[in-house]
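The structure displayed is predicted, hence computed values, not measured ones.
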Amino acid sequence: MLALISHRQNETNVRLAAAAPLGVELELVSPRQALGLLGSDDAALSRLDVLPTLDGIEPGIWEVGRLEADGIPVLNKLRALLATHDKLQTSRVLRTACLPHPHTLHLVTAREKVSLDPPVVVKPRFGSWGRDVALCMDRAELAATLEELSSRPWFQRQGVLVQELVPPLGHDLRIVVAGGRIVGAVRRQAADGEWRTNVALGAERQAVDPPRAALELALAAAAASGADLVGIDLLPTQDGGWTVIELNGAVEFTDEYSLDRDVFTAATEALVAAIPAHGTPPLAALA
């Protein structure tokens, strides 16, 4: 059995469970259920998400760690969940791997000195859906934004990130990597008047044939994070390149992400294949 560990019966999780390869039982379970269900012949895929309160990861970290300690093969291990959900850790992982990513500062109070010159982006360490993400064009706007956000519970618990702005071009790429292979991608076109490309903020998903440079960067970012199923968000740069802006260890996707085949089938097959050969160099997927 491959247990998909999540608290959410969302479309992505249900479709992944339904797309299991012939002969593979893929069941959606809670972290607590997984502990009593899995044995030495089983494996798990952890898809714990960011809390709606934006101050950490959903409950289940202990259970996932226990499965790892018990020798159960776990895809999206604890290290990967932290690297893909904690944006401060994301920044460190990508910088260590020498992958393009905007310079990022971590502040613990609203009145710390900020060494980055505006324009900058202010965001939670554990964020999603574009919530509480602000663009600050000058230092007065930055100071006002930090002061406003400082009353948020997530700020008081985790601090806040201030990040170098990648000049927005109105769109980005989200690439889904599973088991070290590209299984899906979509272009996200920002809504009129909106600089962020979150679908929750009105962005439109569009079919795309991703350029090889973007695919290679996505595979390298997935490998650096140690994630087995992850969404890689890439922003285009003004010189025609790409930069990694965020990783998502509980990435949601739809049929629109399908490339040469169904994205859910491609993802589950790649994940099942990755279990006995965990650690195979992802860049081999482009050979």
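Follow the hydrophobic side-chain contacts under 4.5 Å out from Leu26 and you reach Val176 in the same cluster. Val244 and Val93 are members of different hydrophobic clusters when ILVMFWY side chains are connected at heavy-atom separations under 4.5 Å. Follow the hydrophobic side-chain contacts under 4.5 Å out from Trp62 and you reach Leu37 in the same cluster. Residues Leu78 and Ile72 fall within the same hydrophobic cluster, defined by Ile, Leu, Val, Met, Phe, Trp and Tyr side chains chained together at heavy-atom separations under 4.5 Å.
Of the options Arg125, Arg152, Arg196, a salt bridge (charged side-chain N to carboxylate O under 4.0 Å, His left out) to Asp132 is made by Arg152 and by none of the others.
Listed by first then second residue, pairs satisfying ring pair (Phe, Tyr, Trp, His ring centres under 6.0 Å) with a partner in residues 233-255 read Phe253-Phe264, not counting sequence neighbours. Counting only residues at least two apart or on different chains, the side chain to side chain donor-acceptor pair (under 3.5 Å) pairs with a member in residues 95-120 are Thr104-Gln163, Asp117-Arg139. Counting only residues at least two apart or in different chains, ring pair (Phe, Tyr, Trp, His ring centres under 6.0 Å) contacts with residues 154-189 are absent.
In this structure, the side chains of Pro31 and Val64 stay at 4.5 Å or more apart for every pair of heavy atoms. Contact annotation: the side chain of Val114 approaches that of Leu107 to within less than 4.5 Å [non-hydrogen atoms, C-beta and beyond]. Between Ile5 and Arg47, every side-chain heavy-atom pair lies at or beyond the 4.5 Å cut-off. A heavy-atom distance below 4.5 Å is not found between the side chains of Thr84 and Asn248. Considering only heavy atoms from C-beta on, Glu164 stays 4.5 Å or farther from Val120 through its side chain. You'll find the side chain of Leu229 reaches within 4.5 Å of the side chain of Leu45, heavy atoms only. Counting heavy atoms from C-beta on, the side chains of Val183 and Val177 never come closer than 4.5 Å. Side-chain contact between Met1 and Leu38 is present, with at least one heavy-atom pair separated by less than 4.5 Å.
Taken from CG in Asp86 to CG in Leu247, the straight-line distance is 11.0 Å, to the nearest 0.5 Å. Distance CG/Leu169 to CG/Leu235: 8.0 Å, rounded to 0.5 Å.
No donor-acceptor contact under 3.5 angstrom links the side chains of Arg8 and Asn13, judged on distance only. Side chains of Thr53 and Asp55: a donor-acceptor N/O pair is present below 3.5 angstrom, by distance only.
Using a cut-off of 4.0 Å between Lys/Arg side-chain N and Asp/Glu carboxylate O, Glu269 and Arg261 are scored as salt-bridged. Taking 4.0 Å as the cut-off between side-chain N and carboxylate O, Lys87 and Glu246 count as a salt-bridged pair. In summary, Arg15 and Asp255 engage in a salt bridge, as defined by a charged side-chain N under 4.0 Å from a carboxylate O. The pair Arg187-Asp172 does not meet the salt-bridge criterion, since no charged nitrogen lies less than 4.0 angstrom from a carboxylate oxygen.
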